[in-house]
Amino acid sequence: MTRPSWDEYFMQIVDAVAKRATCDRGRSGAIIVKDKQILSTGYVGAPSGLPHCDDVGHLLMKHIDEDGKESMHCVRTTHAEQNAIVQAAKHGVAINGATLYCTMEPCLACAKMIINAGIKRVVCKKRYHAGKLTREFFKQAGVKLEVLQDEVMEYDNQ
């Protein structure tokens, strides 16, 4: 058995964190790491104390892009990246200058939070079908984005 690189190691932990997700439309996980130490974790799920998709179903809303392309989004959940950032804030953990590992490219809302939190590098397993603006914002903000598998993450009702 070959010892995994740090990125491989942390992505394996992301996969474990994602198993706690409570929305089957993208069982995503995220961890925030600095100096090879895990600072925070997060997974897709409803806000604390509210019902989860796995229990009561999705709360889907249609989104129409400028080009007319329609996509469905579950608004019941908080994204894994958001939950990792919020958990760090809740517990007073500084994440400025950290790396965020996640299942797929962050959405635009998560990307803006990542930028404002001072995270400098994002490593994700796959692409997000609506990740174009995320890539542009990261480039402008100087956030290094590394996608390990250059394919779009697939899930139901995309």
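What's counted below: heavy atoms across the whole structure, side chains too, no hydrogens, waters or symmetry copies.
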Subject >> Minimal non-hydrogen separation, Gly29 against Val14, with atom names >> reply: O-CG1, 3.4 Å
**OP:** First locate atom CD of Gln12, then atom CG of Asp7, and finally report the distance between them rounded to the nearest 0.5 Å.
**Re:** 11.0 Å
Original post:
Is Val143 linked to Val33 within one hydrophobic cluster, defined over Ile, Leu, Val, Met, Phe, Trp and Tyr using a side-chain heavy-atom separation of less than 4.5 Å?
Top reply: no
Original post:
In Å, rounded to the nearest 0.5 Å, how long is the span from CG of Leu148 to OH of Tyr101?
Top reply: 9.0 Å
Original post:
Looking only at heavy atoms, what is the nearest atom pair of Ala18 and Thr103, with distance?
Top reply: CB-OG1, 4.3 Å
Original post:
With a 4.5 Å heavy-atom cut-off, do Val123 and Phe10 have their side chains touching?
Top reply: no
Original post:
According to a 4.5 Å side-chain heavy-atom criterion applied to Ile, Leu, Val, Met, Phe, Trp and Tyr, with indirect links allowed, do Met104 and Met11 form part of one hydrophobic cluster?
Top reply: no
**OP:** Anything under 30° is parallel, anything over 60° is perpendicular, the rest tilted; go ahead and classify Tyr128 against His73.
**Re:** perpendicular
Original post:
What closest approach, in Å, do Ala30 and Leu100 show between heavy atoms, and which atom pair accounts for it?
Top reply: CB-CD2, 4.4 Å
Subject >> Distance in Å, Asn83 CG paired with Ser28 OG, rounded so as to fall on 0.5 Å steps >> reply: 11.0 Å
Subject >> Shared hydrophobic cluster for Tyr43 and Ile38 (ILVMFWY, side-chain gaps under 4.5 Å) >> reply: yes
Original post:
Side-chain contact, heavy-atom cut-off 4.5 Å: His58 with Asp24?
Top reply: yes
**OP:** For residues 41-59, pull every pair meeting salt bridge (charged side-chain N to carboxylate O under 4.0 Å, His left out), keeping only residues two or more places apart or in separate chains.
**Re:** Arg27-Asp54
Original post:
Less than 4.5 Å apart, any side-chain heavy atom of Ile119 and any of Ile85?
Top reply: yes
Original post:
Got a sec, which residues hit side chain to side chain contact (heavy atoms under 4.5 Å, CB included) with Ser48, two or more places apart in sequence or on another chain?
Top reply: none
Original post:
Taking only residues two or more places apart in sequence, or in another chain, which ones meet Lys34 in a salt bridge (Lys or Arg N to Asp or Glu O under 4.0 Å)?
Top reply: none
Original post:
When you look at Val93 and Gln87, which way does the side chain to side chain contact (heavy atoms under 4.5 Å, CB included) test go after all the steps?
Top reply: CA-CA 8 Å; Val93 177; Gln87 285 301 311; over 6 Å; no
Subject >> Single-linkage hydrophobic cluster Leu50~Val86, side-chain heavy atoms < 4.5 angstrom >> reply: no
Subject >> Sequence neighbours excluded, every pair satisfying salt bridge (charged side-chain N to carboxylate O under 4.0 Å, His left out) that has a member inside residues 9-21 >> reply: Asp15-Lys125
Original post:
Residues two or more places apart in sequence or in another chain: which of them pass salt bridge (Lys or Arg N to Asp or Glu O under 4.0 Å) with Lys144?
Top reply: Glu146
Original post:
Considering all heavy atoms of both residues, which atom of Cys124 and which atom of Leu145 are nearest to each other, and what is their separation?
Top reply: SG-CD1, 3.9 Å
**OP:** Heavy atoms only: give me the nearest Val17-Gly42 pair and the separation to one decimal.
**Re:** CG1-O, 3.2 Å
**OP:** Quick one: closest heavy-atom pair of Ala84 and Ser40, and the distance?
**Re:** O-OG, 2.6 Å
Original post:
Could you give the distance from NZ (Lys112) to CG (Leu133), rounded to the nearest 0.5 Å?
Top reply: 9.0 Å
Subject >> Pairs flagged by salt bridge (charged side-chain N to carboxylate O under 4.0 Å, His left out) wherever residues 71-96 is involved - sequence neighbours left out >> reply: none
Subject >> Phe137 CZ to Ile114 CD1 distance, which is reported to the nearest 0.5 Å >> reply: 13.0 Å
**OP:** With rounding to the nearest 0.5 Å, note down the distance linking CG in Leu39 to CD1 in Ile95.
**Re:** 8.0 Å
Subject >> Flag side-chain contact, heavy atom, 4.5 Å: Asp150 against Arg127 >> reply: yes
